[in-house]
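Worksheet: the structure to be examined is printed underneath.
A, B, ... follow the sequence lines: proteins, then strands. Residue 1 opens every chain. These numbers come from a predicted model, not from an experiment.
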2 protein chains.
Amino acid sequence: MRLIVAKCSAIYSGRLDTVLPEALRLIMVKEDGSILIHADSGGYKPLNWMTPPTVIEQEGEPPQRIVVRKHAGRSEDRLEIILAEVLSDVTHDMGSPEEDAGLAKDGVEAHLQELLAERPQHCGDGLRLVRREWPTDIGPVDLMCRDAEDEWVAVEIKRIATIESVEQITRYLERLRTDPQFASCRGVLAAQSFKPQARVLAQSRGIDCVEVDLAVLRGEREPELRLFAT
Amino acid sequence: MRLIVAKCSAIYSGRLDTVLPEALRLIMVKEDGSILIHADSGGYKPLNWMTPPTVIEQEGEPPQRIVVRKHAGRSEDRLEIILAEVLSDVTHDMGSPEEDAGLAKDGVEAHLQELLAERPQHCGDGLRLVRREWPTDIGPVDLMCRDAEDEWVAVEIKRIATIESVEQITRYLERLRTDPQFASCRGVLAAQSFKPQARVLAQSRGIDCVEVDLAVLRGEREPELRLFAT
DNA sequence: CACTACATGTCGACT
DNA sequence: AGTCGACGTGTAGTG
């Protein structure tokens with residue numbers, strides 16, 4: 001990884017065009033061709049950047065001009081950095097990427113879906129899973145189930161259910177119901193938490209909201225129901 | 001800006017939980033309290049991060065443990081970095097943020113809206129602009145126009161039109177049409193490019209899709225129509 | 001502090 | 001190569 005602290009300006013041309021006036025900034029060049037220009041504030045986002053694969057050209061020593069190119073679809077992305085003054089330019093050998101074990105995440109939507117696929121009854125009484133990721137021509141339904149009366153039930157799973165989540169399952173239901181087989185398909189929105197407005201909209205559209213708890217699903221805690229059901 | 005190159009591991013707990021195993025990485029601490037952990041590959045995104053406002057505690061000199069806290073709504077976000085070995089730890093004074101003139105962008109949605117406001121006929125034959133950012137109680141309609149027959153036309157502008165864009169203009173139309181005055185208001189989705197599924201959904205809802213070209217709008221290139229219209 | 005919509009969103013998965 | 005949906009999305013604007 002190369003870290004350059006320099007007074008620099010930059011011009012980007014690609015999906016849009018930007019001009020970055022001259023100031024003191026950090027230029028980060030990664031082993032894989034990533035390049036990021038960060039100011040000393042502004043949080044998460046770099047001012048300018050280019051993701052790999054890139055071609056990086058440097059002029060001058062110390063560098064006076066760095067041009068980064070990227071083949072993006074039909075046209076080309078281009079980032080030109082003009083370095084007026086280099087205060088620091090160091091390269092650190094940070095070892096092979098394999099040594100850098102990846103970030104492990106816990107609690108994302110995929111986990112929720114796995115757990116609910118194993119325990120569909122948490123999405124509604126008597127539900128049985130027919131298929132995960134049931135395909136429709138506007139995207140897959142997270143879980144397709146049948147209920148105790150053998151009626152179809154489409155389940156959409158979210159970490160946080162928003163008004164947009166309701167729109168999404170509504171689209172699926174609309175689409176599914178054009179097929180007579182699914183004419184009476186119900187919808188269930190399952191989430192760890194619900195925005196109040198999402199609940200209201202879902203209710204007005206006859207979509208059930210089911211609040212699920214990761215800990216309960218994992219059996220770390222048993223829901224009250226189980227105490228009686230077993 | 002402080003740049004620490006160190007063999008480190010990290011634990012994040014907040015919106016979800018993550019564990020980052022030990023490896024050599026860059027820890028960037030900005031003047032405003034931002035903190036980013038970057039690997040030597042992986043492009044744009046930091047492995048872990050925290051955006052301001054944050055409280056940063058450091059233990060040891062050289063640092064052995066850095067804990068970043070952030071008050072996030074009800075609960076607290078927490079990022080703990082364990083530094084096994086510090087290879088470099090430098091701080092650069094990069095001047096006041098005011099010296100860092102901002103990034104100037106050209107070609108974002110706002111520009112498209114300006115240009116279409118000046119040339120509404122590009123959104124549909126005979127369209128005349130009545131108002132930009134027409135307010136409704138669920139958000140502003142980008143352009144409100146009338147067509148040759150004096151019918152109302154609501155225009156939603158996007159750089160790239162997605163299913164979500166169709167949902168957005170659908171919500172506006174639903175709302176507008178509750179007012180008898182706009183009962184027959186049409187909808188137009190204008191964008192530089194359309195996702196196929198967006199086109200399908202729009203068509204099924206009677207919303208017109210109009211592909212616009214920035215260069216044409218700017219008059220850098222003239223559309224064929226003009227050659228005959230003038 | 002809420003909700004909304006934009007972003008060079010990025011990123012991964014799948015076709 | 002193109003499309004789709006999740007993301008600790010981040011970020012700005014508004015009420």
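Between A:Ile35 atom CD1 and C:dT8 atom P there is a gap of 18 Å when expressed in whole angstrom units. Following rounding to the nearest Å, B:Asp142 (CG) and C:dA5 (C1') show an atom-to-atom distance of 10 Å. The separation between A:Ile160 atom CD1 and D:dC7 atom P is 9 Å, rounded to whole Å. Separating the CD atom of B:Glu109 from the C1' atom of D:dT11 is a distance of 15 Å, rounded to the nearest angstrom. Computed from coordinates, the B:Ile169 CD1 to C:dA5 P distance equals 12 Å when rounded to whole Å. In this structure, the OH atom of A:Tyr172 is 8 Å from the C1' atom of D:dG5, given to the nearest Å. In this structure, B:Arg175 places its CZ atom 11 Å from P of C:dT4, rounding to the nearest Å. Taking atom CG of A:Leu79 as the reference point, atom C1' of C:dT8 lies 11 Å away to the nearest angstrom.
When each of B:Tyr12 and B:Gln197 is assigned the nucleotide of DNA chain D with its nearest heavy atom, B:Gln197 is the one assigned upstream, toward the 5' end.
Near DNA chain C, meaning a heavy atom under 4.0 Å from it, residues 185-195 of chain B has no residue at all.
Of the candidates D:dG10, D:dA6, C:dT8, the closest approach to any side-chain atom of B:Trp49 belongs to D:dG10. For A:Val108, whose side chain is taken as the heavy atoms from C-beta onward, the closest listed nucleotide among C:dC6, C:dT8, D:dC7 is D:dC7. Of the listed nucleotides (D:dG8, D:dA1, D:dG5), D:dG8 has the atom at the smallest distance from the side chain of B:Leu16. Closest to the B:Lys158 side chain, of the nucleotides D:dC7, C:dA5, D:dC4, is C:dA5. Comparing atom distances between the B:Lys105 side chain and each of C:dA7, D:dT3, D:dG8 picks out C:dA7 as nearest. Of all nucleotides listed (C:dC6, C:dA5, D:dC7), C:dC6 comes nearest to the side chain of B:Glu156. With D:dA1, C:dT8, C:dC6 as the choices, the nucleotide that has an atom nearest any side-chain atom of B:Gln168 turns out to be C:dC6. Distance from the side chain of B:Asp77 is smallest to D:dG8 among D:dG8, D:dA6, C:dA7.
Remark: B:Arg15 is in phosphate contact with D:dG10, judged by side-chain N or O atoms under 4.0 Å from OP1 or OP2. Remark: B:Arg171 is in phosphate contact with C:dA5, judged by side-chain N or O atoms under 4.0 Å from OP1 or OP2.
At the heavy-atom level, B:Met50 lies under 4.0 Å from base atoms of the strands shown. In this structure, B:Pro196 reaches the sugar-phosphate backbone alone: every heavy-atom distance under 4.0 Å involves primed, P, OP1 or OP2 atoms, never a base.
Residue B:Ile157 holds its CD1 atom at 5.0 Å from CD of B:Gln113, rounded to the nearest 0.5 Å. Going from atom SG of A:Cys209 over to atom CD of A:Glu156 covers 12.0 Å, rounded to the nearest 0.5 Å. Distance check, rounded to the nearest 0.5 Å: CZ of B:Arg119 to CG of B:Leu129 gives 13.0 Å.
You won't find any donor-acceptor pair under 3.5 Å spanning the side chain of B:Asp17 and the base of D:dG8, going by distance alone.
Side-chain contact between A:Asp142 and A:Glu109 is present, with at least one heavy-atom pair separated by less than 4.5 Å. At least one side-chain heavy atom of B:Ile35 sits less than 4.5 Å from a side-chain heavy atom of B:Ile81. Residues B:Leu176 and B:Trp134 are in side-chain contact: their nearest non-hydrogen atoms beyond the backbone lie under 4.5 Å apart.
A salt bridge links B:Arg205 to B:Glu167: one of the charged nitrogens lies within less than 4.0 Å of a carboxylate oxygen. A salt bridge links B:Arg199 with B:Glu211: at least one charged nitrogen is closer than 4.0 Å to a carboxylate oxygen.
Heavy atoms of other residues, nucleotides or ligands lying less than 6.0 angstrom from NZ of A:Lys7 number 12 at most. Atom CD of B:Gln203 sits in a sparse spot, with 12 or fewer heavy atoms from other residues, nucleotides or ligands closer than 6.0 Å.
Evaluation of the ring pair (Phe, Tyr, Trp, His ring centres under 6.0 Å) test over residues 23-48 of chain A, restricted to residues two or more places apart or in two chains, returns A:Tyr44-B:Trp49.
Nucleotides D:dC7 and C:dC6, compared at atom C1', are 16 Å apart to the nearest Å. Comparing the same atom, C1', in C:dA7 and in C:dC11 gives a spacing of 14 Å after rounding to whole Å.
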Look for any protein N or O under 3.5 Å of an N or O in nucleotides 11-15 of chain C and output each such pair with its distance, or none.
from   : atom 1 : to      : atom 2 : distance (Å)
C:dC11 : OP1    : B:Gly42 : O      : 3.2
C:dC11 : OP1    : B:Tyr44 : N      : 3.0
C:dC11 : OP1    : B:Lys45 : N      : 3.4

